[in-house]
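Below is one structure, written out as C-alpha cells; the observations come after it.
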Amino acid sequence: YQAFFFFFQLTSITIPESVVAVDQTAFYDCVRLVEVINYSDLNFDNYFNKRIVHQGESLIKNVDGFKFITIDNVNYLISYVGSDEKITLPKYYNGETYEFLPYYSLAYLTNFGYYPTINVKEIVIPDTINEISPALFHGTRYLTKITLPKSITMIGEDFGRETDISDIYYLGTKAEWSNITLESGWKYEIGNAKIHCLDGDIE
C-alpha cells in the first residue's frame, strides 16, 4: 500500500519474478515513472498511463543530466538529475524534437518530492518547444527565472505553482506575447512575476 508514494524522481522500476501482487496505490503520484521492467507474471500493460512495459535493459537515456525515453515513437523529456542551478533544456534528443510528459513533467526537480536536493534557480526553454504543459515546473521551489522562446504558443495552468518565479523573459515582442494562449490559472501563485519582452515589460 503506497510503497513508493510521492517518489517524484522514480523513472524506472524492475519487478522480479518473485513478486505475485502489487497494490494499486503502490506507485501513487510517481509522476515520472515511465518504465516497468517486468519479469513477474503480473500484467502492467494498463496499470500506468504513458508507460512502457518490457524486459531487458532500461530504455531511459541520461544525456548531460537530462533523462529521455521514447514511447510509441515519441521522445519524452522525463526529468533533470544534474546539479546546475541554471539549466538550458536541450533542443533535440537524438536529432529529433521531444515532448514533455503529460502533467507534472519537470515538476519537483528534487530527489524525493518535498525534500529539495537539486536547486534549479533558472531555466531556459529552447525554440524547439511550442507548448508549456500544465504544472510543468510545479514545486520547483528555488526556481526564480524562466526564459521562453517566441515559438511558445500555449502556457498551461499552474505554470509556476509552488515556485519563486519572479521574472519571465520572453524572447519576442509584447504583441507576440498577446498571441500566446494562456490557460486559466497559468499565473497561479506567481501573480507578481514580471514579464520582460524584447520591446519592454508587460504591466
Side-chain angles (χ1 to χ4, degrees), residues 11 31-32 34 49-50 60-82 84-109 118 120-203:
T11 56
V31 293
R32 283 196 292 273
V34 295
N49 180 37
K50 272 297 178 196
I60 296 174
K61 305 301 180 184
N62 186 326
V63 182
D64 298 325
F66 295 95
K67 284 187 173 184
F68 289 91
I69 195 170
T70 301
I71 303 175
D72 296 331
N73 296 316
V74 178
N75 300 319
Y76 293 98
L77 174 59
I78 307 169
S79 65
Y80 175 69
V81 293
D84 292 339
E85 291 187 353
K86 177 181 178 178
I87 60 175
T88 298
L89 301 188
K91 276 196 170 189
Y92 302 101
Y93 171 63
N94 281 344
E96 300 177 342
T97 57
Y98 60 85
E99 299 180 10
F100 299 112
L101 286 175
Y103 215 75
Y104 287 136
S105 301
L106 294 176
Y108 297 100
L109 292 177
I118 298 175
V120 175
K121 296 179 180 178
E122 185 174 352
I123 295 178
V124 178
I125 307 294
D127 59 10
T128 49
I129 300 297
N130 298 319
E131 297 185 356
I132 303 298
S133 306
L136 184 62
F137 306 109
H138 181 179
T140 304
R141 297 183 180 278
Y142 299 120
L143 186 60
T144 60
K145 297 179 181 179
I146 291 280
T147 298
L148 299 175
K150 66 177 184 178
S151 60
I152 293 297
T153 60
M154 187 276 288
I155 298 178
E157 62 180 343
D158 289 343
F159 169 75
R161 185 174 181 175
E162 292 187 30
T163 71
D164 289 326
I165 294 176
S166 58
D167 294 277
I168 299 171
Y169 296 90
Y170 175 62
L171 303 181
T173 64
K174 289 191 283 186
E176 288 170 325
W177 173 269
S178 67
N179 292 324
I180 297 175
T181 299
L182 302 173
E183 289 193 348
S184 176
W186 81 274
K187 227 179 175 189
Y188 179 67
E189 294 190 348
I190 57 167
N192 294 323
K194 296 179 181 178
I195 302 171
H196 310 281
C197 299
L198 295 180
D199 57 348
D201 296 347
I202 295 178
E203 301 297 333

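- Between Glu183 and Glu157, the shortest heavy-atom distance links the atoms OE1-N, 3.1 Å.
- Smallest separation of non-hydrogen atoms from Ile129 and Pro149: O-CG, 4.2 Å.
- We find the CD1-CD1 distance between Ile125 and Ile132 to be 4.5 Å, quoted to the nearest 0.5 Å.
- Between Tyr93 and Thr70, the closest heavy-atom pair is CE2-OG1, 3.8 Å.
- Rounded to the nearest 0.5 Å, atoms OG1 (Thr144) and CG (Asp164) are 7.5 Å apart.
- Within the 4.5 Å cutoff, the side chain of Phe137 has no heavy atoms near those of the Val120 side chain.
- Here Tyr188 contributes atom OH and Arg161 contributes atom CZ; the two are 4.5 Å apart, rounded to the nearest 0.5 Å.
- By the side-chain contact (heavy atoms from CB on, under 4.5 Å) test, Ser178 pairs with no residue at all, sequence neighbours left out.
- The aromatic rings of Trp177 and Tyr170 sit perpendicular to each other, their planes meeting at more than 60°, with 30° as the lower class boundary.
- A distance of 8.0 Å separates OH of Tyr92 from OG1 of Thr97, quoted to the nearest 0.5 Å.
- Counting heavy atoms from C-beta outward, Leu89 and Ile87 have side chains that approach closer than 4.5 Å.
- Residue Ser79 comes nearest to Thr11 through the heavy atom pair OG-CG2, 4.2 Å, listed as atom of the first residue, atom of the second, then distance.
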Requested in this report: Please step through side chain to side chain contact (heavy atoms under 4.5 Å, CB included) for the pair Ile165 and Phe159, ending with a clear verdict.
Outcome: CA-CA 10 Å; Ile165 294 176; Phe159 169 75; 4.1 Å; yes
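- Put simply, the side chain of Thr140 never gets that close to the backbone of Thr163: no donor and acceptor are under 3.5 Å apart.
- Heavy-atom minimum distance, Pro90 versus Pro126: O-CG, 3.4 Å.
- Taking CG from Leu171 and CD from Glu176, the interatomic distance works out to 10.5 Å, rounded to the nearest 0.5 Å.
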Give every donor-acceptor pair under 3.5 Å between a side-chain atom in residues 192-201 and any protein atom, sequence neighbours left out.
| unit_1 | atom_1 | unit_2 | atom_2 | d |
| --- | --- | --- | --- | --- |
| His196 | ND1 | Asp201 | OD1 | 2.9 |
| His196 | ND1 | Asp201 | OD2 | 3.4 |
| His196 | NE2 | Asp167 | OD1 | 2.6 |
| Asp199 | OD1 | Lys174 | N | 2.9 |

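- Within the 4.5 Å cutoff, the side chain of Asn94 has no heavy atoms near those of the Asn75 side chain.
- Using a 30° and 60° split on the angle between ring planes, Tyr98 and Phe100 fall in the perpendicular class, above 60°.
- Under the salt bridge (Lys or Arg N to Asp or Glu O under 4.0 Å) criterion, the residue pairs touching residues 121-140 are Glu85-Lys121, Lys86-Glu122, Lys91-Asp127, with sequence neighbours excluded.
- Note that CD1 of Ile123 is 11.5 Å distant from CG of Asp84, once rounded to the nearest 0.5 Å.
- For the residue pair Glu162 and Glu189, the shortest heavy atom distance occurs at N-OE1, 2.7 Å.
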